[in-house]
Amino acid sequence: MTSADWRSPDLGPAQTLDLGRGRVIRAHVTGEGPPIVFVHGALVNANLWRKIVPRLDGFKRVTLDLPLGSHGEPMPRDADLRPPALADLIADSLAALELTDVTLVGNDTGGGLSQIVATRRAERIGALVLTSCDAFDNFPPRFFRIVLAPARVPGMIPIGFGGLRLRPLRRLPIAYGWLTTRPIDREAEDSYVLPVLTRGGIRRDVRKLLGGLDPAYTLDAAVKLASWDRPALIAWSEQDRFFPTEHAERLAKVIPNARLEWIEGARTFSMEDDPERVAAVIGSFMRESVAAPAA
């Protein structure tokens, strides 16, 4: 296994999901109990949740490897990677795994996609958890819209991303530096960076992904979330540099009966900065709002 393909053993065994039309993704499944499905954002993969999964015993934990730039196998050349199609990919994964009453947990771009799933294909979703993520008119955040703009141009990714082969440069604000308060584990960080640098098909997917992000999708989802009738948790990083705390408060007001919890001292990747707190908040929410009524 290369550094680009590495996945933490804490995620559990991998399953290959054939979702039709050439769409194949990997899911990691471990444990038994009420299902939690974790959705990562752009330019990371399932490893984002490696510190959360082992802290949530008593639940069936599923982490998806989505085609958001740090995945192992490229999607078909004609694959639609706009947000509604990516939301369908998540929903189709839940169906392939035969999961129901899922608690869907999203972060960063994955949180925006989770909102779209919840308002587009909610038949298998029982609850929604949004950590710091895209919302309203912030899809993607303006900073990354500017920084990543050259990546939409064919041939520019090796130039624009090439410096990320050097670990110190990954701590720059234009990379992962402002997403965490401390460096990310080397193996996980390599698995985020290397696929887009070494595989042409992954670069093609990234160009599609970045070209399709549009706040019209999250604005539409926010309107529809006003009628969400299932449990919801907003677990937001208090020191986030890209996803404003005002958006957490707005989401908590928009979504009926949503619970708002702050992750103090954390940035966007709160699951890196304070995994114990994030897991505790999710576990408490699951036991009080999801698992208990089913008992």
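Side chain of R267 to main chain of L179: no donor-acceptor pair is present (N/O by atom type, distance under 3.5 Å, no hydrogens or angles). In this structure a side-chain-to-backbone donor-acceptor pair under 3.5 Å is present from D65 to A46. No donor-acceptor distance shorter than 3.5 angstrom exists from the side chain of S284 to the backbone of A280, with no hydrogens or angles considered. Using modelled atom types, no side-chain atom of T109 and backbone atom of G41 make a donor-acceptor pair closer than 3.5 Å. Within the 3.5 Å criterion, the main-chain N or O of P215 finds a donor-acceptor partner in the side chain of T218.
Here SG of C133 is found 7.5 Å from CD1 of I234. Values are rounded to the nearest 0.5 Å. Remark: L66 CG to I90 CD1 distance equals 5.0 Å, nearest 0.5 Å. For the atom pair CD of Q239 and OG1 of T245, the computed distance is 11.0 Å after rounding to the nearest 0.5 Å. Here L213 contributes atom CG and N138 contributes atom CG; the two are 11.0 Å apart, rounded to the nearest 0.5 Å. Residue L11 holds its CG atom at 11.0 Å from CG of L64, rounded to the nearest 0.5 Å. How far CG of L48 is from OG1 of T63: 10.0 Å, rounded to the nearest 0.5 Å.
For D108 and T268, the side-chain atoms include no donor-acceptor pair closer than 3.5 Å. Side-chain contact check for S237 and D273: no donor-acceptor pair (N or O, by modelled atom type) lies under 3.5 Å. Counted by atom type alone, S191 and N47 present one or more donor-acceptor pairs between their side chains at under 3.5 Å. T119 and Q115 are not linked by any side-chain donor-acceptor pair at a separation below 3.5 angstrom, with hydrogens and angles left out of the test.
Counting only residues at least two apart or on different chains, the salt bridge (charged side-chain N to carboxylate O under 4.0 Å, His left out) pairs with a member in residues 190-199 are D5-R199, R170-D190, R186-D190. For residues 93-107, the side-chain hydrogen bond (donor to acceptor under 3.5 Å, both in side chains) pairs, not counting sequence neighbours, are N107-T131. Applying the ring pair (Phe, Tyr, Trp, His ring centres under 6.0 Å) test to pairs two or more places apart or on separate chains, those with a residue in residues 241-279 are F136-H247, F143-F242, F144-F242. Listed by first and then second residue, the salt bridge (charged side-chain N to carboxylate O under 4.0 Å, His left out) pairs involving residues 230-256 amount to none (not counting sequence neighbours). Sorted by first and then second residue, the salt bridge (charged side-chain N to carboxylate O under 4.0 Å, His left out) pairs involving residues 34-50 (not counting sequence neighbours) are R50-D185, R50-E272.
Here the shortest heavy-atom pairing between P244 and W236 reads O-NE1, 3.4 Å. Across P74 and I202, no two heavy atoms sit closer than the pair N-CD1, 3.7 Å. Across P231 and G126, no two heavy atoms sit closer than the pair CD-O, 3.3 Å. Here the closest heavy-atom approach between residue A4 and residue R7 is recorded as O-NH1, 3.5 Å. Summarising the geometry of I184 relative to A188, their closest heavy-atom pair is CG2-CB, 4.1 Å, with the distance given to 0.1 Å. Closest approach of G69 to V196, counting heavy atoms only: O-CB, 3.7 Å.
Residues forming a side chain to side chain contact (heavy atoms under 4.5 Å, CB included) with R21 (at least two apart in sequence, or on another chain): R23. Residues satisfying the side chain to side chain contact (heavy atoms under 4.5 Å, CB included) criterion with A232, sequence neighbours excluded, are W228, I255, A258. A search for salt bridge (Lys or Arg N to Asp or Glu O under 4.0 Å) contacts involving R77 returns nothing, not counting sequence neighbours. Evaluation of the salt bridge (Lys or Arg N to Asp or Glu O under 4.0 Å) rule for D214 yields no partner, not counting sequence neighbours. Considering only residues two or more places apart in sequence or on other chains, D88 meets the salt bridge (Lys or Arg N to Asp or Glu O under 4.0 Å) condition with R120, R121. By the side chain to side chain contact (heavy atoms under 4.5 Å, CB included) test, D57 is found to be paired with R61, residues two or more places apart in sequence or in another chain being considered. Under the side chain to side chain contact (heavy atoms under 4.5 Å, CB included) criterion, A14 pairs with R26, H28, not counting sequence neighbours.
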Report the C-alpha separation of L43 and Y192 in whole Å, then their side-chain angles, then the decisive distance to 0.1 Å, and conclude whether the side-chain contact (heavy atoms from CB on, under 4.5 Å) test is met. CA-CA 6 Å; L43 297 172; Y192 299 159; 5.9 Å; no
Given D10 and W49, is the side-chain contact (heavy atoms from CB on, under 4.5 Å) satisfied, shown in steps? CA-CA 9 Å; D10 288 328; W49 305 102; over 6 Å; no
Between D274 and T181, is the side-chain contact (heavy atoms from CB on, under 4.5 Å) condition met? List the steps. CA-CA 10 Å; D274 195 348; T181 59; over 6 Å; no
From CA spacing to verdict: side-chain contact (heavy atoms from CB on, under 4.5 Å), F38, L56: CA-CA 12 Å; F38 296 96; L56 285 171; 3.8 Å; yes
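Salt-bridge annotation for R277 and E264: absent, with no side-chain N of the basic residue lying under 4.0 Å from a carboxylate O of the acidic one.
Heavy-atom neighbours of R55 CZ from other residues, nucleotides or ligands within 6.0 Å: above the threshold of 12. Around NZ of K60, the count of heavy atoms belonging to other residues, nucleotides or ligands within 6.0 Å does not exceed 12. Few gaps surround CD on E123; more than 12 heavy atoms of other groups in view lie less than 6.0 Å from it.
The residue from I282, V278, L233 that alone fulfils the side chain to side chain contact (heavy atoms under 4.5 Å, CB included) condition with V105 is I282.
In this structure, P67 and L209 have side chains that are not in contact, with every pair of non-hydrogen atoms separated by 4.5 Å or more.
Note: the hydrophobic cluster containing W178 also contains Y176 (ILVMFWY, side chain heavy atoms under 4.5 Å, direct or indirect links). By the criterion of side-chain heavy atoms lying less than 4.5 angstrom apart, applied directly or through intervening Ile, Leu, Val, Met, Phe, Trp or Tyr residues, V24 is not grouped with V29; the two fall into different hydrophobic clusters.
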